[in-house]
Amino acid sequence: MSNRRIVIKSSKPLFGEVAVAGAKNSALAILPSVVLVGEVCRIENVPDISDVSLMCKILSKIGVKINMISPGCIEVDPRCISSVCADFDEIRYMRASYYLIGALLGRFGKARVSMPGGCDLGLRPMDQHIKGFEALGAKCEISGGMTNVVSDRLVGNRVYLDMVSVGATVNIIIASVKAKGTTVIENAAKEPHVVDLANFLNSCGADIRGAGTDVIRVNGVSKLRGTTYQIIPDQIEAGTYMIASFATKGNVLIKNVITRHLESVSAKLMEIGANIEYKEDTLRVSYDGKFNRCNVKTMPYPGFPTDMQPQMVTLLTRCKGTSMVTEGVWDSRFRYVSELRRLGAQISVDGHLAVIEGGNDFIGNCVKALDLRAGAALIIAGLFASGVTTIENIHHIERGYENITEKLSSLGADIRVVESSNNRKCYHVLGA
Ligand code: EPZ
């Protein structure tokens with residue numbers, strides 16, 4: 001396990017401007033879907049994060065050629081796939097590896113993929129993915145930690161998702177693009193990265209309608225062609241910097257955003273007292289003298305995003321009074337609260353509800369990133385805590401945030417990554 005840590009010294013308010021990278025969850029859906037396309041595609045604005053590197057490694061292990069054309073631009077050549085079996089270790093280090101099932105099934109009529117991994121947010125079943133594949137006529141079997149799917153001929157069908165699922169929506173879109181006839185996905189996820197995937201596949205000749213609504217219609221096509229496609233900006237990275245600016249009483253211009261993707265985040269921050277100015281593809285978030293308590297419920301898009309929940313809870317610890325946050329998507333997404341308590345947070349958790357008693361000061365300490373967004377929340381907390389905060393297990397954070405310490409340093413934060421010998425206790429690093 002890496003002994004690299006992030007060390008943050010209590011920072012002044014963040015000031016300056018920061019550019020948002022391409023969307024992680026778009027890249028993790030689009031890259032494996034190139035396997036379905038079967039032709040060379042050039043994907044631009046790909047974020048430089050470890051999950052993308054891992055996805056590229058997974059694709060190359062089944063024979064996909066990956067060429068880094070320039071920073072953020074990847075050429076993906078899926079013409080010589082060597083295997084429909086992906087049973088290597090890397091598969092279980094991320095959730096999005098399961099998109100390979102839809103892509104291989106859609107192109108070759110079969111796939112054998114290890115069960116995925118990903119952030120520990122409670123139960124993360126795949127029953128809706130399987131429901132979709134079976135509706136298309138595939139035989140599915142999960143045994144020995146592998147998902148095996150096979151079909152002589154995928155035929156379009158109607159699929160009603162029992163709950164809104166980004167992954168199942170994406171996987172069923174991918175698997176149905178070349179099926180015979182029309183597939184209708186009802187109760188579909190509407191996240192921006194679902195729309196981005198549909199736009200990418202349509203630019204390759206697919207016929208997908210209604211992405212971004214809860215009914216997506218896929219008219220099967222027989223042939224797809226290569227394309228060049230630019231990934232949308234990452235609305236969760238943008239939202240994370242919005243909260244970092246506001247929580248440190250700063251004033252930051254966030255560039256390269258699609259503001260309508262951030263409407264629910266902006267609305268909540270303004271309710272808490274932030275000043276937000278929009279201008280084309282930028283938005284400025286500044287502190288306006290107040291932190292009002294507030295209640296938040298995370299929901300599928302366009303509701304307040306679950307991937308912003310830890311960052312929002314951290315912000316609400318600054319707001320005097322009692323705030324409540326309800327997690328409406330995941331079974332268990334408050335595990336990180338124990339780490340916030342080590343900094344001084346007064347939060348009680350009961351199942352899907354966190355009750356935050358805000359307004360008391362945070363004091364720096366040694367904490368652990370338990371997952372990607374929880375790690376980002378700890379960085380925000382370290383920025384406004386007094387003293388020094390050290391964050392371990394930073395590999396979680398590097399999965400989804402491109403150059404986060406450099407970007408925050410450019411905004412005036414005193415933050416850096418330090419290597420420490422394995423046996424050195426955290427407090428040594430604290431003194432660093
Ligand atoms: C995607 O995960 C994102 N990951 C997650 O972001 C995000 O939290 C989530 O969507 C919700 O927006 C990627 O895109 C790689 P779901 P996914 O299927 O697709 C249940 C991050 O921080 N469910 O929408 O796995 C599931 O248990 C990550 O970037 C089933 O019950 O999420 C959950 O309660 C963390 N059966 C709910 O649906 C299924 O077959 C939503 O899950 C599928 C899902």
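Counting begins at 1 with the first residue of the sequence. All values below come from the heavy atoms of this structure, side chains included, with hydrogens, waters and symmetry mates left out. Just so you know, ligand 1 is whichever comes first in the structure, and atom 1 is the first atom listed for that ligand.
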Does [X] come within less than 4.0 Å of ligand 1, judged by its heavy atoms?
X: H396; value: no
X: V164; value: yes
X: A189; value: no

Heteroatom proximity flag, [X] to ligand 1, N/O under 3.5 Å:
X: Q128; result: yes
X: K24; result: yes
X: M163; result: no
X: L28; result: no
X: V329; result: yes
X: W330; result: yes
X: R95; result: no

Compute whether any side-chain donor of one residue and acceptor of the other, for T182 and N219, lie under 3.5 angstrom apart.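 Distance-only check passes for T182 and N219.
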Between E398 and S50, is there a side-chain donor-acceptor contact under 3.5 Å, judged purely by atom types and distance?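 Absent: no donor and acceptor within the cut-off.
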For ligand 1, indicate whether the residue [X] contacts it via side chain, backbone, both or neither (heavy-atom separation under 4.0 Å).
X: R333; result: side chain
X: D307; result: side chain
X: L372; result: side chain

Taking the side chain from E327 and the backbone from V329, do they hold a donor-acceptor pair closer than 3.5 Å?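 The answer is yes, because a donor-acceptor pair under 3.5 Å joins these two groups.
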Please confirm whether the backbone N or O of L262 pairs with a side-chain atom of Q235, one donor and one acceptor, at under 3.5 Å?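 A pair under 3.5 Å: no.
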Are any of the side-chain heavy atoms of L316 and I272 separated by less than 4.5 Å?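 Of all side-chain heavy-atom pairs linking I272 with L316, at least one is under 4.5 Å.
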H261 vs Y301 aromatic rings, parallel, tilted or perpendicular, using cut-offs 30° and 60°?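 It falls in the perpendicular class, over 60°.
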Can you tell me how the ring of H129 sits relative to the ring of Y98, calling it parallel under 30°, perpendicular over 60° and tilted otherwise?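 Tilted.
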From the candidates D127, T306, V166, the one that places a heavy atom nearest atom 1 (C) of ligand 1: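 Looking at heavy atoms only, the winner is V166.
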Under 4.0 Å to a heavy atom of [X] - the qualifying atoms of ligand 1, by number:
X: M126; answer: 40 (O)
X: R373; answer: 21 (C), 22 (O), 29 (O)
X: S165; answer: 16 (P), 18 (O), 24 (O), 43 (C), 44 (C)
X: G167; answer: 18 (O), 19 (O)
X: Y98; answer: 17 (P), 19 (O), 25 (O)
X: H129; answer: 40 (O)

[atom] [closest protein heavy-atom partner, distance rounded to 0.1 Å]:
atom: atom 27 (O) of ligand 1; answer: L123 O, 3.2 Å
atom: atom 3 (C) of ligand 1; answer: N25 ND2, 3.8 Å
atom: atom 39 (C) of ligand 1; answer: P125 O, 3.2 Å
atom: atom 2 (O) of ligand 1; answer: R124 NH2, 3.4 Å

Report the C-alpha separation of D162 and K131 in whole Å, then their side-chain angles, then the decisive distance to 0.1 Å, and conclude whether the side-chain contact (heavy atoms from CB on, under 4.5 Å) test is met. CA-CA 10 Å; D162 299 342; K131 176 178 182 178; 2.7 Å; yes
So which heavy atom on V221 is nearest to which on G205, and how close?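 Between these two residues, the closest heavy atoms are CG1-O, 3.7 Å.
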Under 6.0 Å from the CG atom of D89, do we count more than 12 heavy atoms belonging to anything else shown?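 Yes - once you tally the heavy atoms of other residues, nucleotides and ligands closer than 6.0 Å, there are more than 12.
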Does F304 have K268 sitting over its ring (NZ/CZ under 6.0 Å from centre, angle to axis within 45°)?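 No, K268 does not lie over the aromatic ring of F304.
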For L105, which of L136, V149, L100 qualifies under side-chain contact (heavy atoms from CB on, under 4.5 Å)?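 With L105 as partner, side-chain contact (heavy atoms from CB on, under 4.5 Å) holds for just one option, V149.
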One pair to check against salt bridge (charged side-chain N to carboxylate O under 4.0 Å, His left out): D371 and R373. What are the steps and the verdict? CA-CA 6 Å; D371 63 57; R373 308 302 175 185; over 6 Å; no
Just to verify, which of Y287, F291, F246, F362 counts as forming a ring pair (Phe, Tyr, Trp, His ring centres under 6.0 Å) with F384?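 Filter result, single survivor: F362.
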